[in-house]
Amino acid sequence: MAAAGGGARPRDCGCKGVRTCLVCERERGGGPPGAVAPQKTAHFIYCLETGLAMGKEKSEFAGWAFPFPGVALIKDFVTAEEEAELVRLMDQDDWKLSQSGRRKQDYGPKVNFRKQKLKPGAFDGLPSFSREIVQRMGAHPLLERFLPVEQCNLDYHPERGSAIDPHLDDSWLWGERLLSLNLLSPTVMSMSRDCDEMLQLLSAAPRGMRNSVQKDTKAGDPEDAQVTRRAVVCDQVEVAIHLPARSLLVLFGAARYQWKHAIHRQHIQSRRICATFRELSAEFCPGGKWGELGQELLQIALSFQGKPV
């Protein structure tokens, strides 16, 4: 339907290309989403206490596991009162429509990742309400010297069918650690890999499972009788990381660079806000190719005077 003046009626979502949300799917009369993620057949759940991806109960992989490095989850990183105040302050600024039913607020430089070009643009720093959160991050043993140069707030809502496709964050500009503060409701971060390598699984007796899995047992060792092995193709595996409200997720190492992360539509049951913080890569740190530019960006970011760009 054309708008007055002959132009096309503006869409009520920010979807482009094959990405869709419930809003644009309703506009075209229903039907399946424009892009459906490949269905995985091997489902695992990340265990915070052991660092293992454990086969989902009542599935053919129940009782099987494999080490899943590069994940840290800090529960109750903010209090319920701090959470409410953070959301209140975020909602004072405009949310821009984004892909797949999300809304967003960006605090960061203008970047062309394909051409590897960037400039400060309208970036004038992280928001003032993040100052205390960033200080708390830097004081945590896992996050020593973490200095974020970008913050992206994403707003998810079930009525819009909000989701985010499996992806790897850029590694030219963004550094080792990706931090996501999960606000308002619990959700699930789904991890997957697009490769045909075989992933080795381990099955261990309930007693001492963590030690048995992590130890390279030798033939004839008494523990050897407790451990058997199995393999599965990587691209059939999905690992679910359950994120409580007010928790801080840290991805690094293999979980950062090898495993894609996603939020599926079915895991958004009520409004959820994710504040993601990114640090600079080594190339943008002192001594790196773009070290001077990196320091300029960091100085702007940590002025905490920003508005969404």
Side-chain angles (χ1 to χ4, degrees), residues 37-59 61-78 83 100 102 137 140-143 146 152-156 158 162-169 171 174 176-195 199 201-202 209-210 213-214 232 234-279:
Q39 296 299 305
K40 305 297 183 180
T41 59
H43 294 273
F44 293 77
I45 299 175
Y46 179 74
C47 176
L48 179 62
E49 289 73 21
T50 64
L52 300 173
M54 311 286 292
K56 190 174 180 180
E57 291 184 6
K58 298 181 180 180
S59 77
F61 293 97
W64 294 90
F66 64 95
F68 195 81
V71 176
L73 184 64
I74 306 170
K75 296 181 179 180
D76 295 315
F77 189 77
V78 296
E83 174 187 53
S100 303
R102 304 186 307 274
M137 290 173 177
H140 195 281
L142 289 173
L143 302 174
F146 181 80
C152 180
N153 301 332
L154 291 176
D155 177 78
Y156 294 74
S162 302
I164 191 165
D165 290 345
H167 66 284
L168 291 171
D169 278 32
S171 57
W174 308 133
E176 169 81 9
R177 295 166 292 187
L178 301 178
L179 274 58
S180 296
L181 182 61
N182 188 56
L183 302 174
L184 292 182
S185 64
T187 192
V188 176
M189 181 77 78
S190 298
M191 312 293 292
S192 61
R193 287 186 68 184
D194 296 333
C195 75
L199 180 64
L201 308 179
L202 296 162
M209 182 171 184
R210 182 181 183 183
V213 169
Q214 293 182 336
V232 63
C234 269
D235 66 7
Q236 291 301 310
V237 172
E238 186 170 74
V239 179
I241 305 175
H242 289 263
L243 307 180
R246 299 183 293 281
S247 64
L248 182 71
L249 175 69
V250 185
L251 298 180
F252 57 96
R256 154 74 168 103
Y257 294 112
Q258 297 178 19
W259 289 81
K260 293 182 177 182
H261 55 277
I263 300 289
H264 297 320
R265 182 182 291 184
Q266 66 266 30
H267 293 141
I268 299 298
Q269 301 297 317
S270 58
R271 190 187 185 194
R272 177 222 180 205
I273 290 178
C274 170
T276 297
F277 298 82
R278 299 179 174 93
E279 63 185 345

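All residue numbers refer to positions in the sequence shown, counting from 1.
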message = Check this for me, if you would: do Arg256 and Asp169 make a salt bridge, where the nitrogen-to-carboxylate-oxygen distance has to be below 4.0 angstrom?
response =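 No, no charged N to carboxylate O under 4.0 Å.
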Please answer whether the main-chain N or O of [Y] pairs with a side-chain N or O of [X] as donor and acceptor at a distance below 3.5 Å.
X      : Y      : value
Glu83  : Leu184 : yes
Glu279 : Arg177 : yes
Asp194 : Asp235 : no
Glu176 : Gly253 : yes
His140 : Leu142 : yes
Ser185 : Arg271 : yes

task = Might you work through the side chain to side chain contact (heavy atoms under 4.5 Å, CB included) test for Ile164 and Arg102, ending with a clear yes or no?
result = CA-CA 8 Å; Ile164 191 165; Arg102 304 186 307 274; 3.5 Å; yes
task = For this output row, return yes or no: ring centroids of Phe44 and Phe66 closer than 6.0 angstrom.
result =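 Here the rings of Phe66 and Phe44 have centres that are less than 6.0 Å from each other.
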Provide the closest heavy-atom pair for [X] versus [Y] in the form atom of the first, atom of the second, distance.
X      : Y      : answer
Ser247 : Lys75  : CB-CA, 4.2 Å
Arg265 : Ala163 : N-CB, 3.7 Å
Ile268 : Pro158 : O-CB, 3.4 Å
Phe252 : Val71  : CE2-N, 3.7 Å
Ser162 : Asp155 : OG-O, 4.3 Å

Would you call [X] and [Y] a side-chain contact if the rule is heavy atoms closer than 4.5 Å?
X      : Y      : value
Cys274 : Leu249 : no
His267 : Ser190 : yes
Thr276 : Leu154 : no
Gln258 : Cys195 : no
His261 : Met191 : yes
Val237 : Val232 : yes

Hey, what do you get for [atom1] ([X]) to [atom2] ([Y]), rounding to the nearest 0.5 Å?
X      : Y      : atom1 : atom2 : answer
Ile45  : Met54  : CD1   : CE    : 9.5 Å
Ile241 : Trp259 : CD1   : CH2   : 10.0 Å
Arg246 : Ile74  : CZ    : CD1   : 15.0 Å

query = Would you say Glu57 has more than 12 foreign heavy atoms packed within less than 6.0 Å of its CD?
reply =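 Open.
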task = State which residues pass ring-ring contact (aromatic ring centres under 6.0 Å, His included) with His43; sequence neighbours excluded, sorted by chain then number.
result =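 Partners of His43 by the ring-ring contact (aromatic ring centres under 6.0 Å, His included) criterion come out as none, since no residue qualifies.
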With sequence neighbours excluded, residues passing ring-ring contact (aromatic ring centres under 6.0 Å, His included) with Tyr156 =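 Listed in chain order: nothing, the list is empty.
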request  = Step by step, work out the side chain to side chain contact (heavy atoms under 4.5 Å, CB included) result for Ile263 and Met189.
outcome  = CA-CA 5 Å; Ile263 300 289; Met189 181 77 78; 4.0 Å; yes
inquiry  = Exactly one of Leu248, Ile273, Asn153 should register a side-chain contact (heavy atoms from CB on, under 4.5 Å) with Leu181. Which one does?
reply    =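 Exactly one option meets the side-chain contact (heavy atoms from CB on, under 4.5 Å) with Leu181, and it is Leu248.
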task = Using side-chain hydrogen bond (donor to acceptor under 3.5 Å, both in side chains) as the criterion, list what pairs up with Thr41, not counting sequence neighbours.
result =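 So Thr41 forms a side-chain hydrogen bond (donor to acceptor under 3.5 Å, both in side chains) with Gln236.
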